[in-house]
2 protein chains.
Amino acid sequence: MASDHTRSAILSAAERLYADRGFGDVTLRDIVAAANVNLAAVNYHFGSKDELIAELFVTRSLATNRERLNELKAAEEAGGGRAGIDAIFRALVGPTLRGCLGPSSEGSTAARFMIRASIESVPPIRRIKNREVDHLRKFAAAMRRSLPGRAEADLYWGLHFALAMAHHTIRERERLTKLSEGLCDLDDVQGIIDRVVAVSVMALAGGETKAKAPRLVARDGR
Amino acid sequence: MASDHTRSAILSAAERLYADRGFGDVTLRDIVAAANVNLAAVNYHFGSKDELIAELFVTRSLATNRERLNELKAAEEAGGGRAGIDAIFRALVGPTLRGCLGPSSEGSTAARFMIRASIESVPPIRRIKNREVDHLRKFAAAMRRSLPGRAEADLYWGLHFALAMAHHTIRERERLTKLSEGLCDLDDVQGIIDRVVAVSVMALAGGETKAKAPRLVARDGR
DNA sequence: TTGCATTTCAAACACTTGTATGAAACTATC
DNA sequence: GATAGTTTCATACAAGTGTTTGAAATGCAA
């Protein structure tokens, strides 16, 4: 197996290039040029371009998932097997937001790569994301333990909306900055996490009574 | 200008193919085959592949934006120049959700195309989306009129989260269905709109007092 | 009909892409 | 130090891409 030098040179060059320029216009030739290795090395070490991308994404997303589950476990243990709903949401969106937002995203290629992976949608990554359901189910289970009374569907919608806010903030961070003319501070990661968690909790807590048809005002029937 | 038959045949064939199979693996040759026209016709009538995609997307998104603004205007007129915040959110997310969700998404190629455009991210479409800021500013202005007291940043976050929930629901409808094992009814479009609007309103109404640092529980300093 | 502009067509062009090949260089074991 | 296995290398391959070309067909006005 020798030194693995070539292999890791490809991985880091690829991650950096994909992070900077997106999956769309980075070719294997770009990667091997940046890594100073031979073109054939990619297929030798990874089998194919898609498997290279998959390995990059799997590595990073496993790390995020591990971090999420650690936070969840800590919160559940602190609460005697039952975590507060806010702590659950915090464990869900915190690691992702911390990884992809804030000043880190200028420095960490890993974070910038994950942003790319969330903006562009390329087949090998999509395949992996589809297998993420099992991971999310663990959070659904924790929510069920935390809020035994709530309707199942409400829990899933809460989970879904929390992820929506987190991911959309990552995806559209530039547009939000431009739209708000800098008023929304995208560098205050902790503040953003607080905001997302707060809204998620409210969505779950507030929708309780009017769960079925939460209409606030009469609306025209159109 | 003759009959324009070729031109519109290309447009509708392209929209259908992109909707069904995504931008990634539909070539011009696929499109002209489906449209029964010559390969060169695309470049003759549209200039390039990207301009074809852009025209498709612009047409559909102009229609959605028009619908949004109509609803907004109606709501403001009904309220004497000041719409309720829930009506504003409804005007913002309603047209998109109605267009892309529900049974229509099996029938309407337009809706399926817009879903694709929101899932895959292809350069010509991204360029257009970036110009959408002006449109969103009109909603920010309406929100300002509706809630004169609120901090500007809060309004933008509210707008942002509302769009987050709507778009994420469209993007991840399949995953949400699978995750919730069918408990979340993605065909009840009106119910989904109500849900998104309710949460958006709550996010804006609830965050008022603790706007700056909405922490619900003590969190470890990590 | 004649002439002119628009539109269609088949074919080729130019280029990029990921992948395969087979020889060469290297490394470690005996 | 010979040998077997691993890794690197230059190069070629095959396929697919959007685009261009120049001629043929078509439509329309005078």
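Lettering follows sequence order; numbering is per chain, from 1.
- In terms of phosphate contacts, A/T6 brings a side-chain nitrogen or oxygen within less than 4.0 Å of OP1 or OP2 of D/dT8.
- The six-membered or imidazole ring of B/H168 lies away from that of A/H168, with a centre-to-centre distance of 6.0 Å or more.
- Look at CD1 on A/I31: it is 11 Å from P on C/dT17, rounded to the nearest Å.
- Taking atom NE2 of residue B/H45 and atom P of nucleotide C/dT7, one finds them 6 Å apart after rounding to whole Å.
- Classified by interplanar angle (parallel below 30°, tilted 30° to 60°, perpendicular above 60°), the ring pair A/Y18/A/F23 is tilted.
- Between B/F23 atom CZ and D/dG18 atom C1' the separation is 17 Å, expressed in whole Å.
- Remark: P of C/dT19 and CG of A/L52 are 10 Å apart, rounded to the nearest angstrom.
- Here A/M114 contributes atom CE and A/F57 contributes atom CZ; the two are 4.5 Å apart, rounded to the nearest 0.5 Å.
- Dashed line: the shortest gap from a side-chain N or O of A/H5 to OP1 or OP2 of D/dT8 is not under 4.0 Å.
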Would you tabulate the pairs of protein nitrogen or oxygen atoms and nucleotide nitrogen or oxygen atoms of nucleotides 19-23 of chain D closer than 3.5 angstrom?
from, atom 1, to, atom 2, distance (Å)
D/dT19, OP2, B/N43, OD1, 3.2
D/dT19, OP2, B/K49, N, 2.9
D/dT19, O5', B/N43, OD1, 3.4

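- Here the P atom of nucleotide C/dT6 and the CZ atom of B/R7 are 15 Å apart, to the nearest Å.
- Between B/D4 atom CG and C/dT6 atom P there is a gap of 14 Å when expressed in whole angstrom units.
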Test A/T177 against A/E174 for side chain to side chain donor-acceptor pair (under 3.5 Å), laying out the working first.
CA-CA 5 Å; A/T177 305; A/E174 280 188 31; over 6 Å; no

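- For the pair B/L11 and B/L52, the minimum side-chain heavy-atom distance is below 4.5 Å.
- Between the CE atom of A/M143 and the CD atom of A/E152 there is a distance of 9.5 Å, given to the nearest 0.5 Å.
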